[in-house]
Structure formats: C-alpha cells, structure tokens
A.B. asks: 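My questions will all concern the structure given below.
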Number of protein chains: 2
Amino acid sequence: MSEPSRTTPATLHDVAREAGVSLATASRSLNGSTRRVNEEYRQRVLDAAAKLNYTPNLSAQAVARGTTTTVALLVADIADPYFSSIAAGVVAEADAEHLIVTMAATERDPERELELVRQLRGQRPRVMILAGSRPTVDRTEGALADELAAYEASGGRVVLISRNELDFRTVLLENRGGAERLARELVGLGYRRFAVVTGGEGLRTAADRLEGFRAGLAAVGGRLDDADVVRSAFTRDGGYDGARRLIERGLDGIELVFATNDVMAVGALSAIRDAGLTPGRDLAIAGFDDIPTVQDVTPPLTTVRVPLEELGRRALRLALAEDADAGADADATAGETAHPRGGSVEAEVVLRASTPGIG
Amino acid sequence: MSEPSRTTPATLHDVAREAGVSLATASRSLNGSTRRVNEEYRQRVLDAAAKLNYTPNLSAQAVARGTTTTVALLVADIADPYFSSIAAGVVAEADAEHLIVTMAATERDPERELELVRQLRGQRPRVMILAGSRPTVDRTEGALADELAAYEASGGRVVLISRNELDFRTVLLENRGGAERLARELVGLGYRRFAVVTGGEGLRTAADRLEGFRAGLAAVGGRLDDADVVRSAFTRDGGYDGARRLIERGLDGIELVFATNDVMAVGALSAIRDAGLTPGRDLAIAGFDDIPTVQDVTPPLTTVRVPLEELGRRALRLALAEDADAGADADATAGETAHPRGGSVEAEVVLRASTPGIG
DNA sequence: CTGTTAGCGCATTCAC
DNA sequence: GTGAATGCGCTAACAG
C-alpha cells in the first residue's frame with residue numbers, strides 16, 4: 001500500500017534491510033531448516049517479509065542450494081483422460097511434498113520425447129516421470145536410456161509409468177494379468193469367439209494387454225484368430241476405425257471385441273452403433289483402464305479398472321523414496337511383473353452391461 | 001563414454017575449459033542473442049558442449065538474466081476434460097515458444113488458489129494463466145486481485161480464462177451468447193418447458209450460461225421456472241445428482257434439461273436413464289462445452305461447442321502479446337463481452353440426438 | 001546465535 | 001572479437 005511503484009519483486013536483501021538484520025539472519029528466519037534464530041529477530045523478519053510481500057526467488061534458491069523443488073512430467077497427450085488422471089495424481093502428491101511440477105507432451109513421438117527429456121534436464125528437476133508407452137522396438141530407445149542414465153548419475157530420479165523396457169524405477173500396471181483375468185471372466189460369461197482392436201505401432205502396453213488376453217483365452221478355451229486382431233491408433237478415433245473395419249470385413253461369428261484401452265473401446269462402441277448393431281447385444285465389447293466416461297456410455301463398458309490417479313501418486317512417491325526397492329512394493333499386488341525397482345499396481349476386472357452373460 | 005563418473009552435470013565453465021575459450025565466449029556461442037563470435041571458436045564450443053552433454057542450468061540463467069522461461073498454469077482440476085483440454089492448448093503453444101509450463105490444481109478452493117498464486121510467484125514466471133471460474137461472490141477475491149496486480153507490477157503477465165471479474169488480460173468464452181442461441185434453437189425445435197441443472201456455488205461461468213439461457217428463452221417464449229433450476233456440484237456427479245433430484249421431485253411437464261456444462265450433462269444423462277426414462281425421448285438434454293465424450297454417449301448430446309484447446313493457446317498468445325488490446329481481439333467473434341483487455345472465443349450450437357425435434 | 005564472506009552457474013558490462 | 005570482472009538472489013560455511 002505504501003510502497004509506490006517498485007517494479008521489481010522484493011528481494012531477501014530488502015527484507016533484511018527492512019527488518020534491520022543481516023542477510024543471513026533473514027535467510028535463516030525465512031527458510032533455514034534448523035531454526036536457530038532469536039525469536040524477536042525472526043518475528044521482525046517475518047513482518048518485514050509480509051509487509052514487502054516477499055517471495056523467495058526459487059531460481060536463486062535452486063542455484064545456491066544446488067537442488068530444485070521441481071518434478072518434470074512427460075506424458076503422451078495431456079487431454080487424454082488416461083494421462084490427465086495420472087497427471088492429477090502426480091500434481092496432488094507433488095503438492096503435498098511442496099514440489100512444483102512442470103509438464104510436457106510428447107505427442108507419442110519418440111524423437112520428441114527424447115528432445116523434451118534433454119530440454120527438461122535444463123531445469124535440473126529432482127524427479128522426472130515418464131508416462132506412456134513407447135513402441136516396443138524403437139531406435140531412439142538407446143539414446144533415451146543414455147540420457148536418463150546421465151540424469152540419474154547427476155542425482156536425478158527417473159520413474160517410468162507402465163513401461164518396463166528400461167532399467168529405472170518403474171510403476172507397472174498389471175496389464176498382462178488384468179487382461180488375462182478379463183479373458184477368463186468373459187469366457188465364463190459364455191463368450192467363445194473374440195476379436196481385438198489395439199494400438200498399432202507396437203506399443204508395449206497394448207502388446208502386454210493383448211498377450212495377457214490371449215493367454216487367458218488359451219487357458220479356458222476362448223478363440224482369437226490372428227486375423228481378428230486389428231491395429232489402429234491408440235485413440236478414440238483409432239478404436240472407432242478399428243471396429244468399423246472389423247465389422248465391414250464381416251464379423252463371422254465374433255461375439256465380443258476387446259479394445260486394449262477404454263478410449264479405443266468408446267470409439268469402438270460408437271462404431272458398432274453406427275454400423276446399425278446394438279452394442280452388448282449384437283456384439284459385446286470390453287475395454288481397459290476404467291476411465292470415468294465408460295460408466296456413462298450405453299451400455300456401460302466392461303473394463304479392467306486401473307487406479308490411474310494413484311498411479312501418478314505412486315510414481316512420485318517411488319521417486320522420492322530413499323530405497324527404490326523397498327517402500328515401493330510394499331502394498332503392491334503380487335503382480336506378474338514385480339519390477340526389481342518399483343511396484344505394480346493392481347488391476348481389477350469390472351463387469352458391466354456391455355458384456356452380458358450369454359451362457 | 002570417456003568421462004568416468006562425474007556426478008554433477010557439466011557446467012558452462014567445463015565447456016569453456018574443454019573448448020579452450022573463456023566463459024564469456026562459451027556463453028555467447030551457446031546462447032548469445034547477437035551472435036558475434038568467431039565461427040571456429042563457436043564450433044569448438046558447440047562440440048565441447050555436445051561432448052560433455054551440456055545443458056544450460058535454467059535456474060542459473062534465470063537468476064543471471066532476471067527473467068525466466070516459465071509459464072504457470074492454474075486449473076481447478078487436471079483430470080476434468082474441460083481443464084485438461086485447455087492445459088493441452090497452453091502446453092502446445094508454450095512448447096512452440098520454448099516456454100516451460102508448470103501446473104497446479106486449485107481443487108476449486110479459492111483459498112487454495114490464492115495460496116498457490118503466492119507460491120507460484122516464487123518461480124517468477126513470465127506468465128500466469130488462471131483457468132476456471134470462481135464463486136461470483138468470494139471474500140478472497142480482493143486478496144487475489146492484489147496478489148495478481150503485484151505480480152503484474154513486477155513485470156509478469158496474467159491471463160484469466162473465462163472469468164471476467166478481474167481487470168486483467170482475459171480470454172472469454174461466449175458463455176452468455178452461446179447459451180442464448182442454444183435456447184433459441186431448442187425452442188425452435190419445439191421445446192417449451194425447461195429445467196436447468198447447474199453449478200451450485202455461484203460460479204461465474206455457470207451463472208453466465210444460465211443467464212444467457214434465460215434470456216434466449218425469454219426472447220422466444222420458452223419457460224423456465226425458478227423452481228426448476230437445481231444447483232449442484234459442477235462435476236459429473238453433481239449433474240447426476242441434480243437430474244436425479246429433479247426427476248424424483250416430479251418432472252411435471254418439463255421437456256428438456258439444460259446442464260450448464262457437459263460433464264454435468266453426462267451425469268444427468270445417466271441419472272435420467274437410471275430413473276427408467278429414455279433420454280432424448282422422455283426427457284431431452286443439452287450441455288455446454290462439447291467435450292469429446294458427448295459424442296459417444298447415447299444419445300449423443302446437443303451442446304455448445306467451445307474450442308477448448310484453442311482457448312489455452314489463445315491465453316498464452318494473449319499473455320505474450322506486446323499490446324494486450326490489439327492482437328487479442330483480432331480474430332475474436334463479436335461476442336457479447338468483448339473484454340477490454342482480451343478476446344472472446346466463439347461458441348457454436350451443435351444439435352444432436354439428445355434433443356430431437358418435437359415440432 | 002549473528003553477521004561477513006564466498007560461492008552457485010550464468011549473462012553481461014567493461015576494458016583490451 | 002575476446003576475456004576478465006561484476007552481479008543476479010540466495011545459501012552455507014566461516015568467523016565473531
């Protein structure tokens with residue numbers, strides 16, 4: 001109110017002067033971990049800071065301390081509910097730890113991802129979290145691994161979400177196991193002939209889910225022909241397109257289509273309907289992830305629930321944990337893929353109306 | 001490869017030494033705006049940087065330059081498709097400008113929002129973007145305004161998205177106009193009796209949409225009784241709950257319910273169905289925003305389309321524009337609320353099966 | 001406990 | 001052009 005028009009934010013120096021103490025004392029009062037400063041001084045500093053509306057310059061703190069309070073988060077697509085839920089979890093947990101999260105989108109491009117990792121390193125983030133699958137075979141993978149390793153060597157922590165191809169701390173989904181159980185349940189419901197609509201570029205996540213589904217079917221006598229696995233983009237439109245192709249080609253006895261993630265399943269659902277069929281009756285459908293939307297479509301979708309937000313929280317917790325191998329797996333399910341340096345998050349089959357019993 | 005186990009990232013100093021030049025030359029070669037350095041030296045520096053895998057320390061640069069490359073983004077809820085779409089736009093545009101975006105969630109709590117703004121100021125972000133409506137009456141608003149004003153006074157740019165209550169650069173949605181046109185079209189379709197399900201805490205956005213809807217109805221003879229405006233949380237569950245209450249109370253001739261945003265509409269849709277009614281036939285429904293999901297529910301929802309991602313892009317562009325009043329409104333629609341310091345984004349009515357003609 | 005001083009990594013003025 | 005030297009805002013020894 002009294003200060004006329006200072007165009008630059010108050011500095012620690014200003015606060016110290018205002019309070020009539022030294023820079024060090026001001027610093028200690030405001031931030032110093034071990035508070036060992038005369039209460040009166042401390043109060044004066046606090047008052048001065050409040051009066052000047054002082055906020056510590058985080059960049060300067062970072063430079064002086066040699067460490068930041070930043071966590072960098074890389075996702076494929078921010079608007080995708082799968083990733084935005086994970087991001088929400090990361091941000092929530094970060095907030096609790098007084099960490100700031102910076103976000104970037106790879107747009108599913110490995111080159112771009114690598115470039116972003118390089119760039120983000122400039123922030124010297126304490127943690128780097130990479131969510132989202134990459135192609136199972138990818139020529140930039142080596143470079144990425146090198147880059148991340150260098151980052152870790154300099155004290156950073158990297159955590160991978162649902163991608164076990166690299167040797168870093170990792171939070172895994174039970175992709176394979178979840179899909180396998182789904183397959184079993186579906187066969188239990190009476191289904192015998194299946195088709196799959198899945199991501200096309202050899203994405204690890206998609207591949208694992210498909211593999212698990214296959215294994216489940218094999219165990220209980222369901223049938224999935226190779227010709228009935230159609231590949232498409234790992235998006236809503238990809239799902240729509242995949243299902244449409246399947247239908248146009250002729251269903252020929254197929255009773256249920258499994259889309260390897262929910263956004264695809266939702267797209268597939270619309271494709272089925274647009275083709276004049278009644279989803280759930282003429283052709284059953286199941287997805288994976290349990291994004292919020294699937295409860296509101298008609299019929300509600302059978303899926304495999306993954307606690308997406310928890311996944312994000314867990315990733316950050318794992319990053320911050322002193323011992324990567326310990327804390328992480330504590331409450332993890334006995335998943336198929338207990339990662340040596342991380343945990344696995346349980347997936348749960350949720351049966352809904354899109355896969356009625358046809359026993 | 002050759003460097004054994006340096007535990008700390010390469011510094012500019014290292015690069016300079018490796019290249020056999022001075023710190024200044026290294027700095028100039030790597031970043032200097034006006035490049036005025038011997039090509040040979042420059043190349044040596046570049047090579048050295050590459051060899052050492054050098055990345056400039058952004059914090060240090062920020063301290064030295066007195067300015068950052070950060071944009072801070074505040075949203076209510078990251079997992080909400082409305083906000084995640086906006087965020088995607090901000091991130092995309094930021095990326096193009098070589099800016100880094102940090103993200104935080106207010107969880108719709110004004111106190112928390114204020115706290116976050118204070119905290120985020122520590123980053124000395126170049127831009128601060130606040131998305132999401134606040135209560136129309138809110139006792140922390142003054143404090144927020146002061147805080148933001150102080151931030152602007154120190155050279156920062158704040159941009160508000162869809163909240164015109166404060167005197168800052170603003171990107172507005174055509175909330176009022178969009179809702180008004182929707183009302184007119186709906187009456188044109190033959191509807192006469194309406195109900196509204198809307199956000200409860202007096203949110204500005206919700207209020208504007210309701211007001212516009214009312215105005216539209218009034219103009220063409222639609223009827224909306226005060227008793228038929230039910231308030232609830234501005235979320236999917238809020239929409240479900242609102243519609244449920246409406247139905248339990250007795251529809252009494254109401255033909256269409258307008259939910260003031262799509263996530264509520266989707267919830268309402270499910271409530272209608274769960275009540276044993278057929279949405280679109282027994283009770284029509286319309287929303288606002290055109291989030292992706294509404295095309296995949298049954299029936300697809302009539303809504304008012306808002307280019308959410310563009311909104312985010314626009315916000316950042318507006319922040320970066322030299323003259324707030326110029327560039328911004330260039331391609332803006334002649335909205336009802338042409339903000340003095342920003343633009344308005346056009347909203348377009350999209351009629352779908354959830355509101356069949358009943359002429 | 002408190003104040004002084006020396007960095008942190010980098011940009012930039014200033015002499016050369 | 002190039003290289004010292006200075007400073008950015010802050011923390012962390014180091015002396016008093």
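The sequence lines fix the lettering, A, B, ..., with proteins before strands; numbering per chain opens at 1.
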A.B. asks: Round to the nearest Å and state the distance from B:Leu30 atom CG to C:dG9 atom P.
C.D. replies: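 Distance, rounded to whole Å: 16 Å.
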A.B. asks: Test side-chain contact (heavy atoms from CB on, under 4.5 Å) on A:Ile86 and A:Val75 and set out the steps.
C.D. replies: CA-CA 9 Å; A:Ile86 290 177; A:Val75 299; 5.6 Å; no
A.B. asks: D:dG3 P sits how many Å from B:Leu12 CG, rounded?
C.D. replies: 13 Å
A.B. asks: Is any NZ, NE, NH1 or NH2 atom of the basic residue among A:Arg42 and A:Asp47 found under 4.0 Å from an Asp or Glu carboxylate oxygen of the other?
C.D. replies: no
A.B. asks: Calculate, to the nearest 0.5 Å, the distance between atoms CZ and OG1 belonging to B:Arg124 and B:Thr68 respectively.
C.D. replies: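 B:Arg124 CZ to B:Thr68 OG1: 9.5 Å, rounded to 0.5 Å.
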A.B. asks: Look at the side-chain N and O atoms of B:Gln61 and state whether any lies under 4.0 Å from the OP1 or OP2 oxygen of C:dC10.
C.D. replies: no
A.B. asks: Check whether any side-chain N or O of A:Ser27 sits under 4.0 Å from OP1 or OP2 of D:dT11, and answer yes or no.
C.D. replies: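 A:Ser27 to D:dT11 OP1/OP2: side-chain N or O found under 4.0 Å.
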A.B. asks: Is A:Glu152 salt-bridged to A:Arg169, going by a charged N under 4.0 Å from an acidic O?
C.D. replies: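 So A:Glu152 does not pair with A:Arg169 through a salt bridge.
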A.B. asks: By nearest atom, which of the nucleotides C:dA11, C:dC10, D:dG3 is closest to the B:Asn31 side chain?
C.D. replies: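 Of all the options, the side chain of B:Asn31 is nearest to C:dA11.
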A.B. asks: How bent is the helix from C:dC1-D:dG16 to C:dC16-D:dG1, comparing axes over its five end pairs at each side, to the nearest 10°?
C.D. replies: 40°
A.B. asks: CG of A:Leu172 to CZ of A:Arg314: how many Å apart, nearest 0.5 Å?
C.D. replies: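 Between A:Leu172 CG and A:Arg314 CZ, I get 11.0 Å after rounding to 0.5 Å.
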A.B. asks: Using whole Å, report how far CZ of B:Arg17 lies from C1' of D:dT2.
C.D. replies: 19 Å
A.B. asks: My understanding is that only one of A:Ser22, A:Ser29, A:Ser27 makes a side chain to side chain donor-acceptor pair (under 3.5 Å) with A:Thr25; could you say which?
C.D. replies: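 So, applying the side chain to side chain donor-acceptor pair (under 3.5 Å) to A:Thr25 and each of A:Ser22, A:Ser29, A:Ser27, only A:Ser22 qualifies.
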A.B. asks: Taking only N/O atoms, report every protein-nucleotides 4-8 of chain C pair under 3.5 Å with atom names and distance.
C.D. replies:
from	atom 1	to	atom 2	distance (Å)
C:dC8	O2	A:Val63	O	3.4
C:dC8	O2	A:Ala64	N	3.2

A.B. asks: In whole angstrom, give the distance that lies between atom CG of A:Asn38 and atom C1' of C:dT2.
C.D. replies: 10 Å
A.B. asks: Tell me: CG of A:Asp14 to P of D:dC10, nearest whole Å?
C.D. replies: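 The answer, rounded to whole Å, is 8 Å.
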A.B. asks: To the nearest Å, how far apart are B:Leu58 CG and C:dA11 C1'?
C.D. replies: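 Result: 14 Å.
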A.B. asks: Do you see a donor-acceptor pair shorter than 3.5 Å between the side chains of A:Thr102 and A:Gln123?
C.D. replies: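 Side-chain D/A pair, A:Thr102 to A:Gln123: present.
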A.B. asks: Would you kindly give the CG-to-C1' distance between B:Asn57 and C:dA11, to the nearest whole Å?
C.D. replies: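 Distance, rounded to whole Å: 13 Å.
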A.B. asks: Output, in order, the C-alpha distance, side-chain angles, deciding distance and verdict of side-chain contact (heavy atoms from CB on, under 4.5 Å) for A:Ile129 and A:Ile161.
C.D. replies: CA-CA 7 Å; A:Ile129 299 179; A:Ile161 295 185; 3.8 Å; yes
A.B. asks: Can you tell me which residue pairs pass the salt bridge (charged side-chain N to carboxylate O under 4.0 Å, His left out) test with a partner in residues 58-80 of chain A, sequence neighbours excluded?
C.D. replies: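 As it turns out, the salt bridge (charged side-chain N to carboxylate O under 4.0 Å, His left out) pairs with a partner in residues 58-80 of chain A, which skip direct neighbours, are A:Asp80-A:Arg108.
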